[in-house]
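Heads up, the thing below is written out as structure tokens.
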Number of protein chains: 2
Amino acid sequence: MRLTTKGRFAVTAMIDLGMRQQRGPVTLAGISERQKISLSYLEQLFGRLRRHGIVDSVRGPGGGYTMARPMVEISVADIIRAVDEPIDATQCGGLGNCHDGHECMTHELWINLNEHIYRYLEGVDLASLVETQLSKQAEAGSRKDERRVLGTAELKAVVNG
Amino acid sequence: MRLTTKGRFAVTAMIDLGMRQQRGPVTLAGISERQKISLSYLEQLFGRLRRHGIVDSVRGPGGGYTMARPMVEISVADIIRAVDEPIDATQCGGLGNCHDGHECMTHELWINLNEHIYRYLEGVDLASLVETQLSKQAEAGSRKDERRVLGTAELKAVVNG
DNA sequence: ACAATAGTTGACTAAATTAATAGGGTTTAG
DNA sequence: CTAAACCCTATTAATTTAGTCAACTATTGT
């Protein structure tokens, strides 16, 4: 498991999509403008998301992207897996052609760590992220001058759902 | 927070170090050979680890590296932070010069996720990783001929949890 | 004390991978 | 038929990873 800006962009874009898809397909051009992510880059990312069955596309005018399944069933891990592609982090190519116990060490260790991080990200679903974001936005709208910043404790609560 | 092979190499090397430092300073040449990581690359990594006060170096013959503090007090997060360096993942440079609610979205979201992953990795200390590894090694030593190799399906299962 | 040796340190370079951009092609509603 | 959208592929730019080389430092054997 790799964690880079690519995955971050993808998650951000997916949240944007989640916030608007009720009004029909969402265009990449819109996401691009709102989130300040280059259109061509978004196209690449959504190509992958589509091929992984996470989003559906509608072509032609009035088209765009929608979620392929309920947002509760889409985890951050799904998204990152889709855009960040395979990677084997072990010398031995993941197929155990290690020669002594030591070489295998790296192997197992990272498989374990991977599993842990995945497990965590698997537990964070898009629905809750979108909900958080929507409520935050609504709140900000109701009192514009008093711009709000979350404290650390609050942040934790938010992320944990 | 970024998660790449660089951090993985660093953690692997640190575990190797942890498994041997009781017999005095451990040389990078040894780690290099055992873990199959290029010596020069290790030098770079340990330069950073040293500057971050995670390891101490002893120069001259019989020299090498040792932990700068008890392994229980060294977390995976510490190691990754040391080698993977700065990064701000937000458009607005992390200083909140965002102009509207949307731009800030990315910002907060990723700060939250970062914090979480860090918190998790902060909870994994080197001592336990080393211990696991040592016991696993001992176990392998007791039954040498029955070398076990995972099949692809098994691997998949392991990785996916 | 002196040379040889084992080891770290840091600067620089090259290769490989990733991220991002650009520019065309394809489908479809109106 | 045309404009709005997705869809692909190639190219460029940036970052990471890896490797090289030449000091510098401390120990040890003589």
Side-chain angles (χ1 to χ4, degrees), chain A residues 1-13 17 20-21 23-33 35-52 54-66 68 80 82-91 106, chain B residues 1-13 17 20-21 23-33 35-52 54-66 68 80 82-89 91:
Chain A
M1 167 108 179
R2 206 166 31 185
L3 219 47
T4 66
T5 54
K6 198 175 191 176
R8 296 176 196 228
F9 281 140
V11 173
T12 304
L17 171 56
R20 291 162 206 278
Q21 67 163 352
R23 300 191 285 265
V26 180
T27 71
L28 293 190
I31 298 180
S32 168
E33 196 179 331
Q35 305 302 334
K36 303 285 183 272
I37 303 171
S38 116
L39 178 58
S40 351
Y41 201 33
L42 279 176
E43 285 173 344
Q44 267 183 61
L45 298 179
F46 274 79
R48 281 178 136 145
L49 290 169
R50 180 175 52 81
R51 284 188 285 276
H52 276 77
I54 295 178
V55 298
D56 283 335
S57 68
V58 181
R59 304 176 75 152
Y65 286 92
T66 55
I80 290 179
V83 301
D84 250 347
E85 210 71 22
I87 41 119
D88 87 87
T90 58
Q91 268 84 353
T106 318
Chain B
M1 167 108 177
R2 205 165 32 184
L3 219 46
T4 68
T5 54
K6 198 175 191 177
R8 297 176 196 228
F9 280 137
V11 174
T12 304
L17 171 56
R20 291 162 203 279
Q21 67 162 353
R23 299 191 285 264
V26 179
T27 71
L28 293 189
I31 298 179
S32 168
E33 196 179 332
Q35 306 302 334
K36 304 286 183 269
I37 303 172
S38 117
L39 179 57
S40 356
Y41 200 33
L42 279 176
E43 286 170 345
Q44 272 181 57
L45 297 179
F46 274 79
R48 279 178 138 144
L49 290 169
R50 182 176 52 80
R51 283 189 286 277
H52 276 77
I54 295 177
V55 299
D56 282 337
S57 69
V58 181
R59 306 176 75 151
Y65 285 91
T66 55
I80 291 180
V83 300
D84 250 346
E85 212 71 22
I87 42 116
D88 87 88
Q91 269 82 352

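Within every chain, numbering begins at 1; the chains are lettered A, B, ... in the order of the sequence lines, protein sequences first and strands thereafter. The structure presented is a predicted model; accordingly, all values stated were derived computationally and were not measured.
Following rounding to the nearest Å, Y41(B) (OH) and dA15(C) (P) show an atom-to-atom distance of 17 Å. dC6(D) atom P lies 10 Å from atom CG of L42(A), rounded to whole Å. Between L3(A) atom CG and dA19(C) atom C1' the separation is 15 Å, expressed in whole Å. Between the CZ atom of F46(B) and the C1' atom of dG19(D) there is a distance of 18 Å, rounded to whole Å. Atom-to-atom, CG of L45(B) to P of dT9(C) comes out at 13 Å; the value is rounded to the nearest Å. Nucleotide dA16(C) holds its P atom 18 Å from the NZ atom of K6(B), rounded to whole Å. Computed from coordinates, the L28(A) CG to dT21(C) P distance equals 14 Å when rounded to whole Å. Rounded to an integer number of Å, the gap from CD1 of I31(A) to P of dC6(D) is 8 Å.
You'll find the side chain of F9(B) stays beyond 4.5 Å of the side chain of V83(B), heavy atoms only.
Listed nucleotides dT9(C), dA20(C), dA18(D) differ in distance to S38(B); the shortest reach to its side chain belongs to dA18(D). Proximity note for Q44(A) (side chain, C-beta onward) versus dC6(D), dA19(C), dA10(D): the nearest is dA10(D). Comparing atom distances between the Y65(A) side chain and each of dT9(C), dC6(D), dT21(C) picks out dC6(D) as nearest.
An OP1 or OP2 oxygen of dT9(C) is reached within less than 4.0 angstrom by a side-chain nitrogen or oxygen of S57(B). OP1 or OP2 of dT18(C) has at least one side-chain nitrogen or oxygen of R2(A) nearer than 4.0 Å.
Remark: T27(A) engages A29(A) in a side-chain contact (heavy atoms from CB on, under 4.5 Å) (not counting sequence neighbours). By the side-chain contact (heavy atoms from CB on, under 4.5 Å) test, Q44(B) is found to be paired with Y41(B), residues two or more places apart in sequence or in another chain being considered. Residues meeting the side-chain contact (heavy atoms from CB on, under 4.5 Å) test with E33(A), sequence neighbours left out: none.
Closest non-hydrogen pair, P25(B) versus T66(B), comes out as CA-CG2, 3.7 Å.
Among the atoms of the strands shown, none is found under 4.0 Å from any heavy atom of L39(A). Contacts of G47(A) with the nucleic acid, taken as non-hydrogen atoms under 4.0 Å apart, are absent.
Side chain of S57(A) to main chain of Y65(A): no donor-acceptor pair is present (N/O by atom type, distance under 3.5 Å, no hydrogens or angles). Between the side chain of S32(A) and the backbone N or O of S38(A) there is no donor-acceptor pair closer than 3.5 Å.
Between V83(A) and A29(B), the residue whose closest nucleotide on DNA chain C is further toward the 5' end is A29(B).
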### Task
Encode nucleotides 21-30 of chain D as B, S and - characters from 5' to 3', where the letter depends on protein heavy atoms closer than 4.0 Å: B to the base, S only to sugar-phosphate, - to neither.
---BSBB---
